Enquirer: 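What follows is a structure written as structure tokens; I'll ask about it next.
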Amino acid sequence: MPPSMTKSSANKLTNGDVFHRTSNGKTSSRRNGFVKNHCLFQQPQQKNPRPSENNHVVSRTTNASLYNKVFVEQFEETPLLVAVLTYMGYGILTIFGYLRDFLRHWGMEKCHVAREREEQKDFVPLYQDFENFYTRNLYMRIRDNWNRPICSVPGAKMDLLERASKDYNWTFQHTGKLVKDVINMGSYNYLGFAENTGRCADAATESTHHYGIGVGSTRYEMGNLDIHEELEQLVARFLGVESSMAFGMGFATNSMNIPALAGKGCLILSDELNHASLVLGARLSGSIIRVFKHNNMVSLEKLLRDAIVHGQPRTRRPWKKILILVEGIYSMEGSIVRLPEVIALKKRYKAFLYLDEAHSIGALGPRGGGVVDYFALDPKDVDIMMGTFTKSFGAAGGYIGGKRELIDYLRSHSHSAIYATSMSPPVSQQIITSMKIIMGEDGTTLGVVRLRQLSENTTYFRRKLREMGFIIYGNDDSPVVPMMLYMPAKIGAFGREMLKRNIGTVVVGFPATPIIESRARFCVSAAHTRDILDTKSRLKNSRLDDSPRSISDSRNVQHFRETWESCPIFSP
């Protein structure tokens, strides 16, 4: 399951927001739950606002002047009955897990897990048996929903290798058949640049003929190519900063550079839902780490104020540096950071801001410039601008942008810069070509068209899910769309039912999410057409025929509403 640092929704009340009961017209799935709306308006608050027809009561804050547009986010508290049933489901699975472990211990059931040999019993155990309890007894039951082998470009549609298991998902065997034209709702291909035809593919092919595939050296030795210099200059111009630096791995961009920016005597304030790479980088730095509630400016300001007043523990000396870590779009929640308020706080308390735009760069803003562009802010107000090329650009690696002094410092102090192999030339060329298309420097309007298409698809997809009565999280402009499943049985059932209908999606559960907030996560792309998102044709009941090709060669894909309403797990 994808790693993510998450907490319970009970901690999501922020900035004085309150829960309000809602109903949704024809649907009734939300009537036993609560919806929290974050809404910031430019106009002053009315003294006696009239309730809206759908009973949505929005909260207003005193920070509305920092925003140039309405900012709406929704998170619905798990209904009490659903929470109780979810805990009961995990409890039953745990009881049967202990029973199966008992049978394995006495040899009445075959044990597939790794364990020490009999002659090694006196050694320190290499495998912690109890720590693997969840993997052994819960995850293995639904492991067929993950690690599915893909044998095509991860575009709007993709091809999968069919696989089967004869030992309840402990091992898999490929059947030799293909599942063709599966609608891809799980890849981070926000702008549709993950393709094997077109300008990007042609440019990458030409770069391969000229430079080869690999560099075989670090940037400091014999691996600094002219294409790397061109890439970093282009990234700096795209972000609107003085300088930038590119890295070959997005995860390492965070985990290896944060330790170079903070250390002993420094304080790191991290959002509770930050990605594992940010968490790992903060831990490796040796700094003191304090966590604030997700997108909660009251919680963040309290930590900042306490840091200024009390200083370092025991010595009470002032902190050498205070670094705030936030993301642009949070990949499990679909929420957008309240960047104007974060910048206002970091200026007030003289802190530094580290912004991770892995999911927001290229996917937000009128120019695709990420969350800074989305809020029409000055890039100079963000001290460290980090992002990846793995999502909107259809490539690999990451970058850090900022002042020239910052980048020069990282070039000589970052482990990822000094010891890592240089970025592959075809990957660099893919990034350069796609970024120029987004910026319009290719002489076409293709970038503008893709940005507009992504925005329209996101709005349409979210609106349709709400109309169908599903509970979804996040900001209305976020292409990451989490749809709540809650119960553990629905995690595996939903993923399998979607694949039967030629829809590939990502299902996520504990420990990647809170135990009562399992979900399916959809990633909307500009490559998705309206026909893909809203076709009313129904697929045949059987998925595969006797030939190596699947009957899913049909271009017609069942409408999402018909799909989910036909699933037994979602039947009224």
Side-chain angles (χ1 to χ4, degrees), residues 2-6 188 190 235 238-241 244-262 268-285 287 289 291-292 294-296 300 322-343 345-346 351-365 368-375 377 379 381-393 395-402 406-407 410 414 416 431 474-475 478-480 512 523:
S4 175
M5 302 302 295
T6 58
Y188 306 133
Y190 296 130
V235 171
F238 179 64
L239 299 176
V241 296
S244 72
M245 187 174 183
F247 303 89
M249 182 181 178
F251 192 96
T253 305
N254 279 331
S255 59
M256 293 290 100
N257 283 288
I258 293 177
L261 296 171
I268 292 179
L269 304 180
S270 177
D271 190 291
E272 66 177 347
L273 299 186
N274 275 342
H275 189 262
S277 59
L278 290 170
V279 176
L280 178 60
R283 290 175 176 174
L284 291 176
S285 69
S287 305
I289 304 171
V291 179
F292 61 92
H294 175 55
N295 250 352
N296 189 328
L300 175 58
I322 299 178
L323 184 64
I324 303 173
L325 301 183
V326 294
E327 293 187 50
I329 293 179
Y330 291 85
S331 59
M332 284 296 169
E333 303 293 316
S335 58
I336 298 176
V337 64
R338 296 188 175 202
L339 190 59
E341 297 178 72
V342 176
I343 290 177
L345 288 177
K346 83 100 178 177
F352 295 96
L353 177 58
Y354 187 108
L355 174 62
D356 180 347
E357 292 215 80
H359 288 268
S360 56
I361 191 68
L364 284 181
V371 68
V372 176
D373 184 29
Y374 176 77
F375 289 113
L377 300 173
D381 290 334
V382 181
D383 301 287
I384 304 102
M385 299 184 67
M386 178 270 170
T388 63
F389 303 119
T390 57
K391 280 80 174 178
S392 297
F393 304 98
Y399 67 83
I400 285 185
L406 168 70
I407 303 304
L410 289 177
S414 170
S416 184
I431 301 168
N475 192 284
S478 170
V480 179
C523 292

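Small disclaimer: the values here were computed from a predicted structure and weren't measured.
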Enquirer: Any chance you could measure C523, atom SG, to K391, atom NZ, to the nearest 0.5 Å?
Expert: 9.5 Å

Enquirer: Do the non-hydrogen side-chain atoms of I329 and P479 ever get within less than 4.5 Å of each other?
Expert: yes

Enquirer: Is there a donor-acceptor contact under 3.5 Å from the side chain of S287 to the main chain of R283?
Expert: no

Enquirer: Do you know which two heavy atoms are closest between L323 and A262, and how far apart they sit?
Expert: CD2-CB, 4.5 Å

Enquirer: Would you check if the side chain of E272 reaches a backbone N or O of H294 as a donor-acceptor pair within less than 3.5 Å?
Expert: yes

Enquirer: Give, for atom CD of E327 and atom CG of L273, the distance between the pair rounded to the nearest 0.5 Å.
Expert: 8.5 Å

Enquirer: Would Y330 and D271 count as having a side-chain donor-acceptor pair, cut-off 3.5 Å?
Expert: yes

Enquirer: Quick check for you: to the nearest 0.5 Å, what is the distance between N475 atom CG and R338 atom CZ?
Expert: 10.0 Å

Enquirer: With rounding to the nearest 0.5 Å, note down the distance linking CG in L355 to CE in M385.
Expert: 6.0 Å

Enquirer: Identify the two heavy atoms, one from G240 and one from P379, that lie closest to each other, and give their separation to 0.1 Å.
Expert: O-CB, 3.8 Å

Enquirer: Among N254, D383, N257, find the one that has a side-chain hydrogen bond (donor to acceptor under 3.5 Å, both in side chains) with Y354.
Expert: N254

Enquirer: Starting from the C-alpha separation in whole Å, work towards a yes-or-no answer on side chain to side chain contact (heavy atoms under 4.5 Å, CB included) for I258 and I384.
Expert: CA-CA 10 Å; I258 293 177; I384 304 102; over 6 Å; no

Enquirer: Just do the side chain to side chain contact (heavy atoms under 4.5 Å, CB included) check on D373 and F238 with the steps written out, would you?
Expert: CA-CA 11 Å; D373 184 29; F238 179 64; over 6 Å; no

Enquirer: Using a 4.5 Å cut-off on heavy atoms from C-beta on, say whether the side chain of I322 contacts that of L269.
Expert: yes

Enquirer: Between S392 and A363, what is the shortest heavy-atom contact and its length?
Expert: OG-N, 3.6 Å

Enquirer: Between L239 and I361, is there a side-chain heavy-atom distance shorter than 4.5 Å?
Expert: yes

Enquirer: Do T253 and F389 make a side-chain contact, defined as non-hydrogen atoms from C-beta onward lying under 4.5 Å apart?
Expert: no

Enquirer: In Å, rounded to the nearest 0.5 Å, how long is the span from CE of M249 to OG of S416?
Expert: 9.0 Å

Enquirer: Measure from the side-chain N and O atoms of E357 to the backbone N and O of V371, and report whether any donor-acceptor pair falls under 3.5 Å.
Expert: yes

Enquirer: With the side chain counted from C-beta on, respond yes when L261 and F352 share a heavy-atom pair under 4.5 Å apart, and no when they do not.
Expert: no

Enquirer: Kindly indicate, with the supporting measurements, whether the criterion side chain to side chain contact (heavy atoms under 4.5 Å, CB included) is fulfilled by L280 and F251.
Expert: CA-CA 10 Å; L280 178 60; F251 192 96; 3.6 Å; yes

Enquirer: Please name the pair of heavy atoms, one in I431 and one in A395, separated by the smallest distance, quoted to 0.1 Å.
Expert: CG1-CB, 3.4 Å

Enquirer: Counting N and O atoms only, with roles assigned by atom type, does the side chain of N295 sit under 3.5 Å from a partner on the main chain of S335, one being a donor and the other an acceptor?
Expert: no

Enquirer: Has the side chain of K346 got a donor or acceptor atom that lies under 3.5 Å from a matching backbone atom of D381?
Expert: yes

Enquirer: Which atom pair, heavy atoms only, marks the closest approach of L325 to L278?
Expert: CD1-O, 4.1 Å

Enquirer: Just say parallel, tilted or perpendicular for the rings of H359 and Y188, cut-offs at 30° and 60°.
Expert: perpendicular

Enquirer: Drop me the distance from I324's CD1 to L300's CG, to the nearest 0.5 angstrom.
Expert: 5.0 Å

Enquirer: Which heavy atom of I268 sits nearest a heavy atom of S285, and at what distance?
Expert: CD1-OG, 3.6 Å

Enquirer: Are I289 and V279 side-chain neighbours, meaning at least one heavy-atom pair lies under 4.5 Å?
Expert: no

